Amino acid sequence: MDRRWIQNPNRCADEYLDGIEDFIEFARRHNPSATRIRCPCRRCNNTLWETIENVGFHLVRNGMIETYSIWNLHGEQLEHASSSNATRVDNVQPIVDANDQVMDIIQDVFPFASTNMNQEEQDDVPTPIDSAEFEQYEKLLKNANQELYPGCESFSVLMAIVELMHGKIKYRMSNLCFDYFLGVFKRMLPTDNCLPKNYKQADKVLNGLGLGYEKIHACKNNCMLFYKEHESLDTCPICNESRFKMTSQNRTTKIPQKVMRYLPLKPRLQRLYMSTHTATDMRWHKEKRVDDDVMRHPANGEAWKEFNRTFPEFAADPRNVRLGLATDGFNLYGVLNQQHST
């Protein structure tokens, strides 16, 4: 079967659309009972599972991975694949174990710790690392290597927590609902399992991965934030509203009237470049984007091109990051039947 259509940059061409139909038919034939298959589009990269219909849509919109010419993740046997169909066998996306992916995440978060461990037997001077940071690294490493229960080979403690928390976020599960199902799962598993009892305990384990948020007290009437030079104030200088709620005099801790959760941007951008997987995606707009005069990415737009012409030094380095602010469906002035997106 000729698969040169994968390299075709024009995804509206008959050759490309016919090739997608051949792939979908191939996937149905080799996975007759499957409701979802790996999506080999450039965005999902054979790591996400989608319905067969969605896979066809993704391939038209995003294009197929150019090196995925032997469909081994969809049932094709490597020994039966014709050498004329494959550019290079070693370029085919490998099957990655989920526990290995979790270990990769830990190494991305603590690159200096893993480097130090690898240099123990070498004469090179290891990179200094903060003791508290190394303690977090050791805790995560312990949870990543610990079985969910004795004899469990498919899930470590950390992998189970990551999977469950991913589902909580994806399906917008409340903390109370998550606590309930976590308790049910814990009772289902053997009594000596290491699954956390509730969301709070699970969140503590993942805190070591970083990317947390900062709590900043705010005025009850949204006048200001008790931040930086105003951090020590107990009342709002604009409306004189108290910063804290009225509580019993015996209570030792004060409860703020309103709290804003701030997600620092800089460490999140740094994290994208700490991982070898996402660092290449950050440069995709320059190195792998197909420029065929079709609007598929902001880099195809006139605003992006005008920015490049105005700031050529910035545009010369594909690692530089452009930020865009977007608001989706907020209500203007509290009018419930009017929504606005920018």
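Count residues from 1 along the sequence. Only a predicted model underlies this, so the values are computations on that prediction, with no experimental measurement involved.
- Ionic pairing of Glu50 and Arg61 is not present here: no N-O contact between side-chain nitrogen and carboxylate oxygen is shorter than 4.0 angstrom.
- Checked for salt-bridge contact, Arg28 and Glu53 meet the test: a charged N lies under 4.0 Å from a carboxylate O.
- Taking CH2 of Trp304 as the start and CG of Asn300 as the end, the distance is 9.5 Å to the nearest 0.5 Å.
- Scanning both residues, Met159 and Phe155, for their nearest heavy atoms gives CE-CE2, 3.7 Å.
- A distance of 13.0 Å separates CG in Leu158 from NZ in Lys142, rounded to the nearest 0.5 Å.
- Contact of the Arg38 side chain with the Trp49 side chain is registered, since non-hydrogen atoms from C-beta on lie closer than 4.5 Å.
- Here Cys236 contributes atom SG and Gln257 contributes atom CD; the two are 11.0 Å apart, rounded to the nearest 0.5 Å.
- Between Cys39 and Asn54, the closest side-chain pair of non-hydrogen atoms is not below 4.5 Å.
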task: Could you walk me through whether His30 and Trp71 pass ring pair (Phe, Tyr, Trp, His ring centres under 6.0 Å), step by step?
output: CA-CA 11 Å; His30 287 78; Trp71 299 335; 9.2 Å; no
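- Under a 3.5 Å cut-off, the side chain of Lys186 and the backbone N or O of Leu195 do form a donor-acceptor pair.
- Residue-environment remark: CE (Met246) stays at or below the threshold of 12 foreign heavy atoms within 6.0 Å.
- In this structure, Asp18 contributes its side chain and Glu15 its backbone to no donor-acceptor pair below 3.5 Å.
- A single hydrophobic cluster is not seen to contain both Leu206 and Tyr171; linkage of ILVMFWY side chains at heavy-atom distances under 4.5 Å, directly or through other members, places them apart.
- Two residues are said to be in side-chain contact when any heavy atoms from C-beta on lie closer than 4.5 Å; Trp5 and Arg3 meet this criterion.
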Run the numbers on Tyr262 and Leu225 for side chain to side chain contact (heavy atoms under 4.5 Å, CB included), then give the verdict. CA-CA 11 Å; Tyr262 168 61; Leu225 296 174; over 6 Å; no
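- In this structure a side-chain-to-backbone donor-acceptor pair under 3.5 Å is present from Asn31 to His74.
- Atom CG in Asp234 sits 13.0 Å away from atom CD in Glu241 (nearest 0.5 Å).
- Contact between Ala160 and Leu148 at its shortest, heavy atoms only, is CB-CD1, 4.0 Å.
- Linking Ile, Leu, Val, Met, Phe, Trp and Tyr whenever their side-chain heavy atoms come within less than 4.5 Å leaves Phe307 and Met295 in two separate clusters.
- Residues Leu164 and Phe178 are in side-chain contact: their nearest non-hydrogen atoms beyond the backbone lie under 4.5 Å apart.
- We find that Arg243 and Glu231 are not joined by a salt bridge, their nearest charged nitrogen and carboxylate oxygen being 4.0 Å or further apart.
- Distance alone, capped at 3.5 Å, is enough to place a donor-acceptor pair between the Gln7 side chain and the Glu66 backbone.
- Considering all non-hydrogen atoms of both residues, Ile238 and Met224 come closest at CD1-CB, 4.4 Å.
- The heavy-atom pair separating Asn62 from Cys41 by the smallest distance is ND2-SG, 3.4 Å.
- Side-chain contact check for Tyr199 versus Met173: every heavy-atom pair is 4.5 Å or farther apart.
- Within a 6.0 Å sphere centred on CZ of Phe314, heavy atoms belonging to other residues, nucleotides or ligands number more than 12.
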Audit row: Glu313, Phe311, side chain to side chain contact (heavy atoms under 4.5 Å, CB included) steps and yes/no
CA-CA 6 Å; Glu313 293 183 2; Phe311 304 100; over 6 Å; no
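- Taking CZ from Arg172 and SG from Cys177, the interatomic distance works out to 14.5 Å, rounded to the nearest 0.5 Å.
- Scanning all heavy atoms of the two residues, the minimum distance from Ser242 to Thr235 falls at CA-CG2, 4.3 Å.
- Of the possible donor and acceptor atoms, none in the side chain of Asn308 sits under 3.5 Å from a partner among the backbone N and O of Ala315.
- Nearest heavy-atom pair across Phe226 and Ile216 is O-CG2, 4.1 Å.
- Side-chain atoms of Asp179 never come within 3.5 Å of backbone atoms of Asn198 as a donor-acceptor pair (strictly under, hydrogens ignored).
- No donor-acceptor contact under 3.5 angstrom links the side chains of Lys258 and Asn221, judged on distance only.
- Cluster membership check: Phe57 does not share its hydrophobic cluster with Ile65, using side-chain heavy-atom separations under 4.5 Å among Ile, Leu, Val, Met, Phe, Trp and Tyr.
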### Message
Using side chain to side chain contact (heavy atoms under 4.5 Å, CB included), reason through Tyr16 and Asn10 one step at a time and then give a plain yes or no.
### Response
CA-CA 7 Å; Tyr16 190 85; Asn10 184 5; over 6 Å; no
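- Put simply, the side chain of Arg283 never gets that close to the backbone of Pro318: no donor and acceptor are under 3.5 Å apart.
- Applying the 6.0 Å contact sphere to NZ of Lys305 captures more than 12 heavy atoms from other residues, nucleotides or ligands.
- Residues Pro40 and Phe23 have side chains in contact (heavy-atom distance under 4.5 Å, counting atoms from C-beta outward).
- Residue Leu269 belongs to a hydrophobic cluster whose other members are Leu265, Leu272, Tyr273, Met282, Val321, Leu323, with links defined by side-chain heavy atoms closer than 4.5 Å.
- More than 12 heavy atoms of other residues, nucleotides or ligands shown are found within 6.0 angstrom of CZ on Arg309.
- Residues Arg42 and Val290 are in side-chain contact: their nearest non-hydrogen atoms beyond the backbone lie under 4.5 Å apart.
- Judged by distance alone, with hydrogens and angles left aside, the side-chain atoms of Asp203 form no donor-acceptor pair with the main-chain N or O of Lys200 at under 3.5 Å.
- With Asp317 contributing its side chain and Arg319 its backbone, the two residues share a donor-acceptor pair below 3.5 Å.
- Phe181 and Tyr149 fall within the same hydrophobic cluster, defined by Ile, Leu, Val, Met, Phe, Trp and Tyr side-chain heavy atoms under 4.5 Å apart, directly or through other members.
- Atom CD of Glu306 sits in a crowded spot, with more than 12 heavy atoms from other residues, nucleotides or ligands closer than 6.0 Å.
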Could you please spell out the steps behind the side chain to side chain contact (heavy atoms under 4.5 Å, CB included) verdict for Arg43 and His58?
-> CA-CA 8 Å; Arg43 176 168 294 183; His58 282 201; over 6 Å; no
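- Val60 and Ile52 fall within a single hydrophobic cluster, where Ile, Leu, Val, Met, Phe, Trp and Tyr are joined by side-chain heavy atoms under 4.5 Å apart, directly or via other members.
- Side-chain contact between Lys168 and Asn175 is present, with heavy atoms from C-beta onward closer than 4.5 Å.
- Not a single salt bridge (charged side-chain N to carboxylate O under 4.0 Å, His left out) links Arg322 to another residue, sequence neighbours left out.
- Residue Met64 holds its CE atom at 4.5 Å from CG of Leu59, rounded to the nearest 0.5 Å.
- In this structure, Arg4 places its CZ atom where only 12 or fewer heavy-atom neighbours from other residues, nucleotides or ligands lie under 6.0 Å away.
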